[in-house]
Amino acid sequence: MVMRAFVQAFCLPKEGSSPDEYEDAVEPDDALEEPLEWVRSCVRCAVADGAAESSFSGLWARLLTKAYVRGAVELGPFRQSLPDLQRSWRCLVKYRPAPWYVAEKLRVGAFSTILGVSLEEEDRAGAGNWSCLALGDSCLFQVRGEQLVFACPLSASSQFSSRPLLLCSEPERNLRALDSIKQYGGQWQSDDRFFLMTDALACWFLEGHERGVSPWRALRDIGTRDFSKGFPQWIRELRTSGALKNDDVTLLRIDMA
Amino acid sequence: MSYAAEISRTNPSCFVFLIDQSGSMADRCGAGESKRSKAQGIADAINKLLQNLVIKCAKSDGIRDYYHVAVIGYGAQVGSAFTGPLSGRDLVPISEIADRPARIEERRKKADDGAGGLIEESVKFPVWFDPAASGGTPMCEALARAQALLAAWLNEHPSCFPPVVIHLTDGEATDGDPTVPAEALRALASNDGEVLLFNGHVSSHRASPIEFPDAEDTLPDEYARLLFRMSSFLPDHIRAFAQQEGYNVSPNTRGFTFNADFVAVIRFLDIGTRPANLR
């Protein structure tokens with residue numbers, strides 16, 4: 001069976017940083033350019049957030065999201081794909097001339113969250129199963145009508161900190177992290193929406209939900225004619241008002257037809 | 001007074017290291033059982049702190065100027081204690097510190113071999129500051145110098161994350177009661193909070209190292225107790241990070257160490273996501 005989904009992504013670097021310094025990653029990355037309409041048997045999307053205190057973490061985040069959407073969607077295959085990704089990261093960074101402090105950062109490695117979701121259709125049209133793989137504080141929210149029906153891996157704004165456990169490009173730093181990758185699953189139906197987002201926006205989302213407002217309304221409308229502002233302007237206003245932490249922001253929306 | 005200001009290139013913060021270089025620093029660390037002098041121990045500690053601060057600010061495209069840093073020595077004289085190309089400078093952007101050490105030494109370090117054992121590996125050790133030990137201990141003058149430096153900084157950066165002063169000494173001031181200028185220093189503030197004064201007591205006393213105590217009655221001598229009282233309380237978020245790293249802290253915990261280094265303080269500063277699996 002095939003299903004129809006609309007996929008759109010948005011991103012904005014931290015205020016004061018240039019686009020080159022953006023260290024999140026999103027797949028499919030062409031969904032940043034324009035909304036995608038997919039008619040296919042499986043929908044796979046991912047976001048990741050490279051850690052500010054490591055170097056070349058945007059590259060590591062991109063490698064992780066690409067591996068997920070290429071098929072490493074279950075915990076076992078995803079873990080098995082890591083050695084190749086770690087070799088790729090090292091190959092891509094090792095030929096750059098490096099002063100002593102960059103060399104030290106390379107020795108320590110890069111760190112990133114990973115959040116991937118995979119949706120498949122059941123025999124009957126307009127419904128199916130989804131699975132999610134997550135480590136860190138990038139979050140998935142499933143919204144049905146005006147209800148938040150699932151949130152993972154974090155489900156309360158108080159759970160965010162600036163010290164999450166992350167995946168590292170150096171195997172010896174992953175002992176605890178590998179055991180902490182979580183898998184979730186559920187069912188979707190027509191008109192469900194899935195939102196994948198990095199921590200600053202996810203924290204804002206959960207704070208709004210806890211206050212009884214419906215943060216998904218703005219996220220549902222952004223990029224459509226129902227929303228007058230562009231994503232950058234909307235995010236900057238949230239930052240200025242203090243509602244959103246100044247950080248790289250990435251949002252990916254999946255609308256199930 | 002929330003200690004919540006973002007530390008960024010557009011809103012940098014600053015560090016001042018105050019270093020005792022008096023004659024008594026030529027004594028051995030830890031009641032003479034160490035081969036190293038207190039001056040050598042402090043030089044290594046400061047170079048390690050600067051190295052950690054640089055690495056914290058390093059990204060793939062270079063260093064981001066999240067901090068400006070001064071190293072003030074006091075002994076025969078009070079003034080900038082940088083050696084090499086930064087000699088004589090006061091507050092220096094961290095990117096300049098990264099690119100202009102006096103020299104880079106190769107040192108041997110024991111590291112985990114990943115199989116439960118230890119291996120020795122060669123590491124680069126940049127040096128900005130050399131040991132020195134002569135003259136009296138003009139601690140009050142040094143604290144006043146830091147106060148002047150930070151008053152000017154705060155005038156230009158009124159919304160910055162409050163400056164951090166790390167003061168390493170054996171605790172015996174020769175120019176008066178240091179609690180008075182220490183109090184004046186701690187009273188300086190940005191919109192985000194008061195200056196943080198952390199004191200490290202480098203002693204010849206044989207007592208075990210102590211990090212971030214919350215009471216003075218466990219401290220081994222009067223100088224340690226004096227420095228403890230001169231130290232700032234840890235702000236809530238720093239205390240939370242310390243707790244996450246296994247330190248036993250309470251609301252009365254102060255930024256004070258006894259014969260221990262201050263590298264943990266660098267980890268506690270928040271410039272963005274720091275992985276929990278990065279120690």
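Everything numeric here is computed off the predicted structure, so don't read it as measured data. Letters A, B, ... mirror the listed sequences (proteins, then strands); counts begin at 1.
- When each of A:Pro171, A:Ser112, A:Ser55, A:Ser57 is scored by its heavy-atom pairs under 4.5 Å with chain B, the top score falls to A:Ser55.
- With values rounded to the nearest 0.5 angstrom, A:Arg107 atom CZ is found 8.0 Å from B:Ile55 atom CD1.
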Kindly indicate, with the supporting measurements, whether the criterion salt bridge (Lys or Arg N to Asp or Glu O under 4.0 Å) is fulfilled by B:Glu6 and A:Lys14.
-> CA-CA 12 Å; B:Glu6 182 188 20; A:Lys14 180 175 178 167; 3.6 Å; yes
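- The part of B:Ile104 that comes within reach of chain A is its side chain, from C-beta onward, which places non-hydrogen atoms under 4.5 angstrom from that chain.
- Atoms CD and OH, on B:Gln51 and A:Tyr101 in that order, are 13.0 Å from each other to the nearest 0.5 Å.
- By the 4.0 Å N-to-carboxylate-O rule, B:Glu245 lies too far from A:Arg163 to be salt-bridged with it.
- For B:Asn248, the CG atom is loosely surrounded, since the number of other residues' heavy atoms within 6.0 Å does not exceed 12.
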Would you mind writing out the side-chain donor-acceptor pairs for residues 201-211 of chain A within the sub-3.5 Å range, not counting sequence neighbours?
from: A:Glu210; atom 1: OE1; to: A:Ser157; atom 2: OG; distance (Å): 2.6
from: A:Glu210; atom 1: OE2; to: A:Ser157; atom 2: N; distance (Å): 2.7
from: A:Glu210; atom 1: OE2; to: A:Ser157; atom 2: OG; distance (Å): 3.4

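- For A:Lys105 (side chain) and B:Ala58 (main-chain N/O), a donor-acceptor pair under 3.5 Å exists by modelled atom type.
- Qualifying side chain to side chain contact (heavy atoms under 4.5 Å, CB included) partners for A:Ala31, counting only residues two or more places apart in sequence or in other chains: A:Val7, A:Ala9, A:Pro28, A:Leu36.
- Here B:Asn11 contributes atom CG and A:Asn246 contributes atom CG; the two are 11.0 Å apart, rounded to the nearest 0.5 Å.
- Residues of residues 122-129 of chain B lying under 4.5 angstrom from chain A, judged on non-hydrogen atoms, are B:Lys124, B:Pro126, B:Trp128 by number.
- Scanning residues 15-25 of chain A against chain B with a 4.5 Å non-hydrogen threshold yields A:Gly16, A:Ser17, A:Glu21, A:Glu23, sorted by number.
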